[in-house]
Amino acid sequence: MEPEKKKKMMMDSSLLQTDSPTMVSGNNSYNYAHNSSAQRKMMDTVRPRTEELIAEKLDLERLFMGAGGNTFRVADLGCSIGPNTFHNVQHIVQQVRHKYHMMTTSTAASPSSTPEFQVFFNDQVNNDFNALFRSLPPERDYFAAGVPGSFHTRVFPKSSLHLAYSASSAHWLSRVPPEVVDRGSPAWNRGMIHYGFAPKPVEDAYRAQFRKDMGGFLRARSEELVSGGMLVLVFPGLPDGMLHSETQAGSVIYCVNLSILDLVRQGVLDEDQLDNFNFPMYFPQPREMRELVEENQCFSSIELEVVDPEESTWLQGGVGLREWLVVIRSTMAEPFARHFGGEEIVDKIFDGASQKIEERAQVIMSTKCKELPLLYVALQRK
Ligand SMILES: C[S@@+](CC[C@H](N)C(=O)[O-])C[C@H]1O[C@@H](n2cnc3c(N)ncnc32)[C@H](O)[C@@H]1O
């Protein structure tokens, strides 16, 4: 590869160390809005849980008294560009409204007026907020606002939110752990793009980064939520004791890795390009999340568990091996293109990965865990 081109790519790839990627919008065929049905299935799986939670645990009288006025404030953290966020937010608003009506019809004392809803759509600054705003449902019954900035830090005023919600986003790291791209470190992830099939120090570095990020996430939310407010997270995780390499999703990422390795061997890609590319995601186990919640001390845990696969429409909907590849490509399309030098090469990587999946289908299908399980975390601010 020409030295200038290589130098530029290395500079671009250094962005990956500090920025988590954002979803592709516009007319690209890997546009997130058209390739996020798997994430939607995840949400549909846990919707009844969230509805039950709002019905049973959300004390509206206390919340309205505490925050003053009758505006109920909801935040969707890591909303992307839709349509999933609108779907999720609408359900939450509906459920809270329903709860309010139940409350006022069952008690003599009715609060002065029906609540109004304000929904904050949060994502990274480079999310396509214009695309998001353009597709806001015209019939919505809430006031909408965009909030740019990393959810690993404070993005709202103190005690201003009643319910914060995040779907398919909390497993994203704020950056690739620096050790995994450091040649002098025992955690250098040579020839690999994730920790699933990598040596243990690599996984340890990812775990440490997740602890730092999720610690910051919980600290920020503990300041932003009112007392009695709720934090609901759903994202891919692992049952206690399971390895990421034991899931089908982990194996599919490994096939992408093998395809990139082939292209390096053929001289199409540079070894450095492979060594400098890592997925900024970590799939925690419930016990790791429990530890972080306990360390934070500001939340009572209502639910914190892996969703039983029997209950999962996500599983029943059958996310196949090819669908996994689409999920990976649509969530990582932008950093892939930026790092490896354009769509053409990314097509090659994913064509190769598709072939690898075919060759290894039997092995992959026999992995311990057929999917990537979901972690459901519901916390209440003390
Ligand atoms: C897979 S998408 C999920 C989008 C949507 N919640 C859904 O269910 O379809 C993950 C989103 O999280 C966002 N994200 C990742 N890290 C973030 C951070 N630190 N702060 C805010 N948003 C973040 C990404 O930009 C992306 O839009």
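Every value quoted in this text rests on a predicted model; they were computed, and no experiment measured them. Read the numbers this way: they start at 1 and go in the same order the structure lists the ligands and their atoms.
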SB check [X] [Y] (cutoff 4.0 Å):
X: Glu203; Y: Lys200; answer: no
X: Glu295; Y: Lys212; answer: no
X: Arg287; Y: Glu291; answer: no

Using a strict cut-off of 4.0 Å, indicate which atoms of ligand 1 neighbour a heavy atom of [X].
X: His152; value: 19 (N)
X: Asn122; value: 21 (C)
X: Ser169; value: 3 (C), 6 (N), 10 (C), 11 (C), 12 (O)
X: Gly149; value: 20 (N), 21 (C)
X: Ser80; value: 4 (C), 27 (O)

What class does the angle between the rings of [X] and [Y] fall in, given that below 30° is parallel, 30 to 60° is tilted and above 60° is perpendicular?
X: His87; Y: His91; value: perpendicular
X: Phe279; Y: Phe336; value: perpendicular
X: Tyr195; Y: Tyr282; value: tilted

Original post:
Taking everything shown except Arg219 itself, do over 12 heavy atoms lie less than 6.0 Å from its CZ?
Top reply: no
**OP:** Report yes if some N/O of Ser150 lies less than 3.5 Å from some N/O of ligand 1; otherwise report no.
**Re:** yes
Subject >> Any N or O of Thr331 closer than 3.5 Å to N or O of ligand 1 >> reply: no
Check [X] against ligand 1 and report side chain, backbone, both or neither, counting heavy atoms closer than 4.0 Å.
X: Ser174; value: neither
X: Phe151; value: both
X: Asp123; value: both

Original post:
Between CD1 of Ile193 and CG of Asp275, what distance do you get to the nearest 0.5 Å?
Top reply: 12.0 Å
Subject >> Heavy-atom gap Ser166 to ligand 1 smaller than 4.0 Å >> reply: no
